[in-house]
There are 2 protein chains.
Amino acid sequence: MTRSRASYRTIRDEISRRIASRVWLPGALIPGEEALAGEFGAARATVNRALRELAEQGLVERRRKAGTRVALHPVREARFAIPLVRHEVEAAGQVYGYRFLSSVVVGAKGQVAERLGLADGARLRHVQALHLAGSAPFQFEDRYIILDTVPAAQDADFSAIGPNEWLVETAPFTHAEFSFFADAAGKEAQHLGIAPGAPVFVGERITWLAERPITLVRMVHPSRYRMVTRL
Amino acid sequence: MTRSRASYRTIRDEISRRIASRVWLPGALIPGEEALAGEFGAARATVNRALRELAEQGLVERRRKAGTRVALHPVREARFAIPLVRHEVEAAGQVYGYRFLSSVVVGAKGQVAERLGLADGARLRHVQALHLAGSAPFQFEDRYIILDTVPAAQDADFSAIGPNEWLVETAPFTHAEFSFFADAAGKEAQHLGIAPGAPVFVGERITWLAERPITLVRMVHPSRYRMVTRL
DNA sequence: GAGTGGTCTAGACCACTCA
DNA sequence: GAGTGGTCTAGACCACTCC
């Protein structure tokens, strides 16, 4: 045996290989953990971990009593890292720049109040800022911070450090909702240096601490932006 | 004790709570697995699984010898399910429709050849199709299938079933690269029933079987489309 | 009822990395 | 060198679900 020992990676990759090479066809039942443990000379827990990871990837589907099947329609998941803008820019080898635009305390109303599940009039700090990669605009940030949840945000100074970095270190979140879509540039066009109506890539994020909303942010990128991942 | 037993979920959630409530601050070192096992009355393996999941979520960072720290900048990951278009439409409670547009075998060249790492002239099947939600256009699909990797695709019939569904059941992939961005509608505008130049949301995906490219697809959505996830 | 995955334990050795 | 996480084992009990 060249294989010093059966690791869960070895087993996972071998099973993955058998699926890819169609030794086990989509929809087919594969051997149980016990059987595979025997085949690979490993403990059942080791096989379990291998299969669990494959199930997380969506490559197989597992059900008690029914066993493990090769997924018919691999509803696979793509994972995207959600880094700080600054890290994103620096990772691309460019110099990060930050420009504070405006800040004002307002009462919640309309769509914003609704999306955050707030009563009209709840106090929000509305901040706008621009993030640069080198000298080029990279992201326009339009953010509401719920002051009931994060009172300290009322007096925070966002002239030098962006509200995202401030929040990350001050108010961890427990839940989040992300959405991404394309839109036509509105008022942010001038800040991004593009024509009004030009396509922009928008990321929206709402974060909560337990059941209390922390912040709603709209991050607008010019259309040269790409969100990329591999798996 | 009301807790019947310490499960890895209990432990994971409790640790998560301590981080959220700032009992353990960003950057702080948290107790070792041994210590936590003692505190929770669990085996070290159980604590390990809890911490491993938190590390996957990006909430903590682990290094041998150095220990486990609360992440300073939670580079958290968002996961997006990549379902079949049909399932996506049906999950939204709408009737899925498919319209085959065109298919032709071409030689690889230019950008396409380059992105797939193919020699000029490699044979590709180029397929275009439209996916509908109810009567409204949902996604325009523009796909190249590498016939060297998937010879069976040469004669596959895509008039009733989309190439994606066909591929999923015929040619599993081992690696993939996804990218998402905003663009201005080009020739696909007429199929999507939107104005040329209107913003569209584009998803591109390349899949490989081992080192051989399977397919490159460009999926174009009108700007009403939202890609959403929670965590 | 029975079979399969889900989880937990106690103990062990290993691998990496910090000092 | 020593400390911490990474992984594996052997065995056990449990929970879900199909028949």
Side-chain angles (χ1 to χ4, degrees), chain A residues 1-16 18-19 24-72 74-75 77, chain B residues 1-16 18-19 24-72 74-75 77:
Chain A
M1 293 273 276
T2 355
R3 280 212 311 273
S4 53
R5 205 207 215 145
S7 88
Y8 80 94
R9 291 165 201 257
T10 317
I11 299 173
R12 179 194 61 194
D13 295 346
E14 171 58 18
I15 293 172
S16 175
R18 288 186 193 171
I19 292 172
W24 291 333
L25 296 172
L29 197 61
I30 77 178
E33 298 191 347
E34 201 94 40
L36 290 170
E39 179 195 337
F40 289 105
R44 186 165 78 90
T46 307
V47 173
N48 179 277
R49 178 156 181 198
L51 289 173
R52 181 155 33 87
E53 291 202 357
L54 293 173
E56 266 177 28
Q57 287 177 29
L59 210 57
V60 300
E61 287 165 3
R62 319 193 71 196
R63 283 208 324 271
R64 282 160 156 142
K65 166 76 181 174
T68 302
R69 290 181 180 282
V70 179
L72 259 180
V75 176
E77 289 189 333
Chain B
M1 295 275 278
T2 357
R3 280 213 311 272
S4 53
R5 203 206 217 147
S7 86
Y8 79 94
R9 290 165 201 258
T10 318
I11 298 173
R12 179 194 60 194
D13 294 346
E14 170 59 17
I15 292 172
S16 176
R18 288 185 193 171
I19 293 172
W24 290 334
L25 297 172
L29 198 61
I30 76 177
E33 298 191 345
E34 200 94 38
L36 289 169
E39 180 195 334
F40 289 106
R44 186 165 78 91
T46 307
V47 173
N48 179 277
R49 176 154 182 200
L51 289 174
R52 182 155 32 87
E53 290 202 357
L54 292 173
E56 266 178 28
Q57 287 176 31
L59 210 56
V60 301
E61 286 165 2
R62 320 193 72 196
R63 283 212 319 273
R64 283 162 155 139
K65 166 74 181 177
T68 301
R69 290 182 178 279
V70 179
L72 259 181
V75 177
E77 291 190 332

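These numbers come from a predicted model, not from an experiment.
Look at C/dC18: its Watson-Crick or wobble partner, with both distances under 3.5 angstrom, is D/dG1.
Protein atom CZ of A/R69 is 14 Å distant from nucleotide atom C1' of C/dG3, rounded to whole Å. Taking atom CD of residue B/E53 and atom P of nucleotide C/dC8, one finds them 10 Å apart after rounding to whole Å. A straight line from CG of B/L51 to C1' of D/dT7 spans 15 Å, rounded to a whole angstrom. Following rounding to the nearest Å, A/I11 (CD1) and D/dT7 (C1') show an atom-to-atom distance of 12 Å. Between A/R52 atom CZ and C/dC8 atom P there is a gap of 10 Å when expressed in whole angstrom units. The interatomic distance linking A/E61 (CD) with C/dG5 (C1') rounds to 14 Å, in whole Å. Remark: P of C/dC14 and CZ of A/R9 are 18 Å apart, rounded to the nearest angstrom. Rounded to a whole Å, the CZ atom of B/R62 is 15 Å from the C1' atom of C/dT17.
Within 6.0 Å of CZ on B/R18 lie more than 12 heavy atoms contributed by other residues, nucleotides or ligands.
In the set C/dT9, C/dA15, D/dT7, C/dA15 carries the atom at the smallest distance from any side-chain atom of B/R64. In the set D/dG5, D/dT7, D/dT17, the nucleotide with an atom closest to the side chain of B/E33 is D/dG5.
Along DNA chain D, the nucleotide nearest to B/A45 and the one nearest to B/P31 differ in position, and the one closer to the 5' end is contacted by B/P31. Projected onto DNA chain D by closest heavy-atom contact, A/V47 and A/K65 fall at different nucleotides, the more 5' of which corresponds to A/V47.
Of the side-chain N and O atoms in B/N48, none sit less than 4.0 angstrom from OP1 or OP2 of D/dG5. Between B/R49 and C/dT7, a side-chain N or O to OP1/OP2 separation shorter than 4.0 Å is present. At the phosphate of C/dT9, OP1 or OP2 sits under 4.0 Å from a side-chain N or O atom of B/T46. Contact between the side-chain N/O atoms of A/R63 and the OP1/OP2 oxygens of D/dC18 is found at a separation under 4.0 Å. Note on A/T68: a side-chain N or O is less than 4.0 Å away from OP1 or OP2 of C/dG5.
Contact of the A/I11 side chain with the A/L36 side chain is not registered, since no non-hydrogen atoms from C-beta on lie closer than 4.5 Å. Within the 4.5 Å cutoff, the side chain of B/R62 has heavy atoms near those of the B/E33 side chain. A/L25 has its side chain out of reach of A/V70: every pair of non-hydrogen atoms, C-beta onward, lies at least 4.5 Å apart.
Judged purely by atom type and a 3.5 angstrom limit, B/R44 has no side-chain atom pairing as donor or acceptor with the backbone of B/E34.
A donor-acceptor contact under 3.5 Å links the side chain of A/R44 to the base of C/dG6.
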